[in-house]
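One structure below.
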Amino acid sequence: METYLGLDLGGTKLLIGEIDSRGNILRYKKYDSGYFNQQAALDIIKLSLDDYIKTVGWYDKKPLAMGVGLIGRVDPNQGIWLQIDPSRTQPIALAKELAEIYGISCHIDNDVKSATRAERVWGFGQISKNFIYLNIGTGIAVGTVVNGRQIRGSHFNAGEVGHVRVGVSVGIKCTCGRMDCVEAIASGIGFDRCARLLHEQYETGLHIPADRGERIPVSEIFALSRKGDPLCVKLVENASEALANLIMNLVRVTDPETIVLGGGVVADGYMHAKILELLNPTTMRFVTNGVVITKLNPEFIGLLGAGAVAMNM
């Protein structure tokens, strides 16, 4: 049986697994990753993959190819991981090194662009050649497909829409240096930072950890918002407006027929309903397939994306 190996490297975990050409996940194993630079990440990948081969093993025979989804800027043509962020820039010829070590052809791509590939191959891309995959998780980014082809940009940096302003004023400085970027308001990190900034202005039952390294779970904010907690209601209102405005701005730029939402912040549908209420019908009139949540399992869309990268699709 022909299989493909996927490696989905996130900020806190590395997921390794095998999939078949239909997008079925055959087996997988999760590893902790933690904060890293690119060289440390390569070491994590090699140690974890060695363990995977030893403890899980191949489903049948050695996979045809390996795909890796990575945070940051990636040159998929040359197989070079260019940077994680401006403070962590150490270009590595990752695809070549992994291929030489494991004897498996290797391809790499950015994590959200990888997930967009999965959506194109096994998700809404099956009915739409013009769509935007909007990932709202720890951060915010998009993959944009126009006439069946994904936009990448001159420096492989297209889609970093988390760093645009969307008309919601909170007074929070984004890590990029600008004020009130959508990622600083509506991502997993954004909810945490806004809660810490605003909590003294509202009565709230939300627990604010003293340790800034301990992020406030978005699920707790949603649960309290449903109960009418003033702070959490405000956080959800701000994020919903920010995301609705982002979506409408993106629609005006590329004229998609489908907007696909993915990532942990929207996985349970709570934010989805609120975003839909704020979308202007005139702006959205040509988005004929609507704003939908991905049908692909949000826990595994990154792994599926890595598999699609392995297939070079």
Side-chain angles (χ1 to χ4, degrees), residues 4-16 31-53 63 65-118 133 135 137-145 149-164 174-178 181 183 187 189 301-313:
Y4 298 86
L5 182 65
L7 291 84
D8 173 28
L9 180 66
T12 59
K13 66 171 175 56
L14 167 64
L15 196 59
I16 300 177
Y31 299 87
D32 293 331
S33 59
Y35 188 87
F36 49 73
N37 58 34
Q38 283 158 281
Q39 187 57 52
L42 175 57
D43 293 338
I44 290 168
I45 288 171
K46 290 190 291 187
L47 285 170
S48 301
L49 190 48
D50 288 344
D51 175 81
Y52 182 90
I53 294 169
M66 177 193 321
V68 188
L70 302 156
I71 55 178
R73 285 198 305 123
V74 177
D75 179 346
N77 303 321
Q78 301 298 320
I80 299 173
W81 189 12
L82 297 168
Q83 70 174 188
I84 295 175
D85 54 40
S87 67
R88 293 179 285 177
T89 300
Q90 185 183 9
I92 293 178
L94 185 68
K96 181 174 183 288
E97 181 156 352
L98 291 178
E100 290 177 349
I101 292 171
Y102 295 99
I104 304 173
S105 173
C106 182
H107 306 277
I108 65 175
D109 205 348
N110 164 269
D111 56 350
V112 174
K113 291 182 175 65
S114 298
T116 305
R117 291 200 199 200
Y133 172 75
N135 187 82
T138 303
I140 293 176
V142 303
T144 304
V145 175
R149 301 191 65 177
Q150 189 167 172
I151 294 173
R152 296 189 174 276
S154 59
H155 299 87
F156 310 102
N157 207 35
E160 294 300 325
V161 300
H163 300 288
V164 300
C174 182
T175 54
C176 75
R178 302 178 74 195
C181 291
E183 185 172 283
S187 69
I189 289 175
I301 191 170
L303 183 60
L304 289 171
V309 171
M311 297 175 202
N312 206 20
M313 300 182 75

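Predicted model only: the values in this text are computed from it and were never measured.
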Legend entry - Interatomic distance, N135 atom CG to K113 atom NZ [nearest 0.5 angstrom]: 11.5 Å

Inset, instruction - First locate atom CG of D109, then atom CZ of R117, and finally report the distance between them rounded to the nearest 0.5 Å. - result: 4.5 Å

Legend entry - Shortest non-hydrogen contact between Y133 and A115, atoms and distance: CE2-CB, 3.7 Å

Legend entry - CD on Q83 to CD1 on I71, rounded to 0.5 Å: 11.0 Å

Legend entry - Separation between CD of Q38 and CD1 of I44, rounded to the nearest 0.5 Å: 12.0 Å

Inset, instruction - Decide yes or no for D8 and K13: does some side-chain heavy atom of the first lie under 4.5 Å from some side-chain heavy atom of the second? - result: yes

Inset, instruction - Of all the heavy-atom pairs spanning G143 and V112, show the shortest one and how long it is. - result: N-CG1, 4.0 Å

Legend entry - Within-4.5 Å side-chain heavy-atom neighbours: V68 and C106: yes

Legend entry - side-chain contact (heavy atoms from CB on, under 4.5 Å) assessment of L42 paired with L98: CA-CA 9 Å; L42 175 57; L98 291 178; 4.1 Å; yes

Inset, instruction - Using a cut-off of 6.0 Å, state whether more than 12 heavy atoms not belonging to N77 lie near its atom CG. - result: yes

Legend entry - Nearest heavy-atom neighbours spanning C181 and G162: CB-O, 3.4 Å

Inset, instruction - With the side chain counted from C-beta on, respond yes when I189 and E183 share a heavy-atom pair under 4.5 Å apart, and no when they do not. - result: no

Inset, instruction - State whether the side chain of S33 and the backbone N or O of G10 hold a donor-acceptor pair below 3.5 Å, judged by distance alone. - result: yes

Inset, instruction - May I ask you to test the Y31-L7 pair for a side-chain heavy-atom distance under 4.5 Å? - result: no

Legend entry - Considering all heavy atoms, the nearest G6-A306 contact: CA-CB, 3.7 Å

Inset, instruction - Of all the heavy-atom pairs spanning M66 and A310, show the shortest one and how long it is. - result: C-CB, 3.5 Å

Legend entry - Heavy-atom check, side chain of F156 versus side chain of N110, under 4.5 Å: no

Inset, instruction - Side-chain contact test, heavy atoms from C-beta onward, threshold under 4.5 Å: evaluate it for D111 versus L9 and give yes or no. - result: no

Inset, instruction - Hey, could you give me the CG/CD1 distance between D75 and I108, rounded to the nearest 0.5 Å? - result: 7.5 Å

Inset, instruction - Locate the shortest heavy-atom distance separating T116 from V145; write the atom from each residue and the value. - result: CG2-CG2, 3.8 Å

Legend entry - Side-chain donor/acceptor of W81 to backbone N/O of A95, under 3.5 Å: no

Inset, instruction - Please report the C-alpha distance between L49 and L5 in whole Å, then the side-chain angles of each, then the deciding distance to 0.1 Å, and finally whether the side-chain contact (heavy atoms from CB on, under 4.5 Å) criterion is met. - result: CA-CA 10 Å; L49 190 48; L5 182 65; 3.8 Å; yes

Legend entry - Flag if over 12 foreign heavy atoms under 6.0 Å of NZ, K46: yes

Inset, instruction - Taking the side chain as every heavy atom from C-beta outward, state whether F36 and D43 have any pair of such atoms under 4.5 Å apart. - result: no

Inset, instruction - Would you indicate whether the side-chain heavy atoms of H163 and T175 approach each other to under 4.5 Å? - result: yes

Inset, instruction - Would you give the length of the straight line joining atom CD1 of I45 to atom CD1 of I101, rounded to the nearest 0.5 angstrom? - result: 10.0 Å

